Trainee: 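Structure incoming, see below.
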Amino acid sequence: MQRRAYAPAAALAAALLAVVVTACGGSSGGHGGGDDAKTGRTGSTAPAGEPGKYRSLPEPCGYVNRDTLRRMLPAGDDDSDPELRKLYRGQAAITYDTDRRVGCRWKLETPEGTRHLSVDFERVVSYQPGVSDEERAQELYARQATAAKIPSSSASASPSTPSPSPSASAGTHPQGGAATGSPSPGAATGPSAPGSPSADPRFLPRVLDDLGDDAFIDDKLVSTGSGVHRDIAVVFRSANILVSIAYDQWSADRQHIPTSEDLQGKAHGLARELDAGHFGN
């Protein structure tokens, strides 16, 4: 008889548990999936934000042109070499939702130094009532530009990055060194302070006016105990897509400084290619 007294309590606990599980499961489904289902907040009169122009992302490693990779990571043209095929195939970045974020990484190591290239795509979706996907993407882009301390377009007198010269595009050292030929005026000839931008005013961090809806390029030369490296970052927004490109060259020889003209030209050129492809949409 005593055991029967506990039966209603057990049934009630089971019922409450079922309600909690159902409620939790229902609340987690609104932000997932490829349909970007949006609803206004409960009790809010604001409608869901307008969906973005782009609804999918490209396969990142295959989206970068092979010839472009050869220019940025010059290691030879022998397509039968399994090591080169592996190098140019790249390594996909690990993400938790490939419908919203994808990326790819490449690395070239030579006796003269190392080059790294990474490309990341983020498809921005806003779940804030009244805020469109594109408006949310603008906010995220502005945060990155502010964090990089990029001058506003009105304050930036420098033009967009010039197209790479023939020597910078195709005359690079086959083992990954900087382009051959005479350095451009203002090119770095000695180590700069850690994290310093290019000494040439043409290549200072700045807004780019010829790329996407918003774009900037950043350039830092870093000197370490083991050598020197120049780091280039290009970030641009096209509608509700954010694209980030990171490209760097390391040199163990402090007298062999990677130039801004070479690296910025190649990174900027890659960004224009990616934008022109409309991300596979």
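The structure presented is a predicted model; accordingly, all values stated were derived computationally and were not measured.
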Trainee: To the nearest 0.5 Å, how far apart are OG in S118 and CG in D248?
Mentor: 8.5 Å
Trainee: How close do R101 and T95 get, counting heavy atoms only, and between which atoms?
Mentor: O-OG1, 2.9 Å
Trainee: Taking only Lys NZ, Arg NE, NH1 and NH2, and the carboxylate oxygens of Asp or Glu, determine whether K266 and D262 approach each other closer than 4.0 Å.
Mentor: yes
Trainee: Does Q91 have more than 12 heavy atoms from other residues, nucleotides or ligands lying within 6.0 Å of its CD?
Mentor: no
Trainee: For the residue pair S126 and S132, what are the closest heavy atoms and their distance?
Mentor: CB-O, 3.6 Å
Trainee: Nearest 0.5 Å please: distance from the CZ atom of F236 over to the CG atom of L208.
Mentor: 10.5 Å
Trainee: Between I245 and V119, which heavy-atom pair has the shortest distance, and what is it?
Mentor: CG1-CG2, 4.4 Å
Trainee: Rounded to the nearest 0.5 Å, what separates atom CG in L204 from atom CG in D218?
Mentor: 10.0 Å
Trainee: If you measure from the Lys or Arg side-chain nitrogens to the Asp or Glu carboxylate oxygens, is any gap between E139 and R136 under 4.0 Å?
Mentor: yes
Trainee: One thing to verify: whether R105 and D120 come together as a salt bridge, which I'm taking to mean a side-chain N less than 4.0 angstrom from a carboxylate O.
Mentor: yes
Trainee: Could you please spell out the steps behind the side-chain contact (heavy atoms from CB on, under 4.5 Å) verdict for L57 and D99?
Mentor: CA-CA 6 Å; L57 292 173; D99 187 54; over 6 Å; no
Trainee: Under a 4.5 Å cut-off applied to non-hydrogen side-chain atoms, are D210 and H268 in contact?
Mentor: yes
Trainee: What is the ring orientation for H229 with W250, classed by angle as parallel under 30°, tilted 30 to 60°, or perpendicular over 60°?
Mentor: parallel
Trainee: Just wondering, do V64 and M72 contact through their side chains at under 4.5 Å, heavy atoms?
Mentor: no
Trainee: Between K220 and D231, is there a side-chain N and carboxylate O pair less than 4.0 Å apart?
Mentor: no
Trainee: Between the side chains of N65 and E273, does any donor sit under 3.5 Å from an acceptor?
Mentor: no
Trainee: Pick one: which of V234, L211, V235 meets side-chain contact (heavy atoms from CB on, under 4.5 Å) with F216?
Mentor: V235
Trainee: Please test E134 against R237 for side-chain contact (heavy atoms from CB on, under 4.5 Å), starting from the C-alpha separation and ending with a verdict.
Mentor: CA-CA 9 Å; E134 186 164 339; R237 178 188 69 83; 3.3 Å; yes
Trainee: Tell me, with the steps shown, if L69 and L87 meet side-chain contact (heavy atoms from CB on, under 4.5 Å).
Mentor: CA-CA 9 Å; L69 287 174; L87 165 67; over 6 Å; no
Trainee: Between atom CD of E109 and atom NE2 of H116, what is the distance when rounded to the nearest 0.5 Å?
Mentor: 6.5 Å
Trainee: Which pair of heavy atoms, one from I232 and one from A267, lies closest together, and at what distance?
Mentor: CG2-CB, 3.9 Å
Trainee: Do S238 and Y54 make a side-chain contact, defined as non-hydrogen atoms from C-beta onward lying under 4.5 Å apart?
Mentor: yes
Trainee: To the nearest 0.5 Å, what is the distance between CZ on R202 and OG on S260?
Mentor: 9.5 Å
Trainee: Any luck finding a side-chain donor-acceptor pair between S56 and R123 under 3.5 Å?
Mentor: no
Trainee: Apply side-chain contact (heavy atoms from CB on, under 4.5 Å) to residues R55 and D133 and explain how you reach the verdict.
Mentor: CA-CA 11 Å; R55 307 304 299 272; D133 293 350; 5.9 Å; no
Trainee: How many angstroms lie between atom CD1 of I217 and atom OH of Y247, to the nearest 0.5 angstrom?
Mentor: 12.0 Å
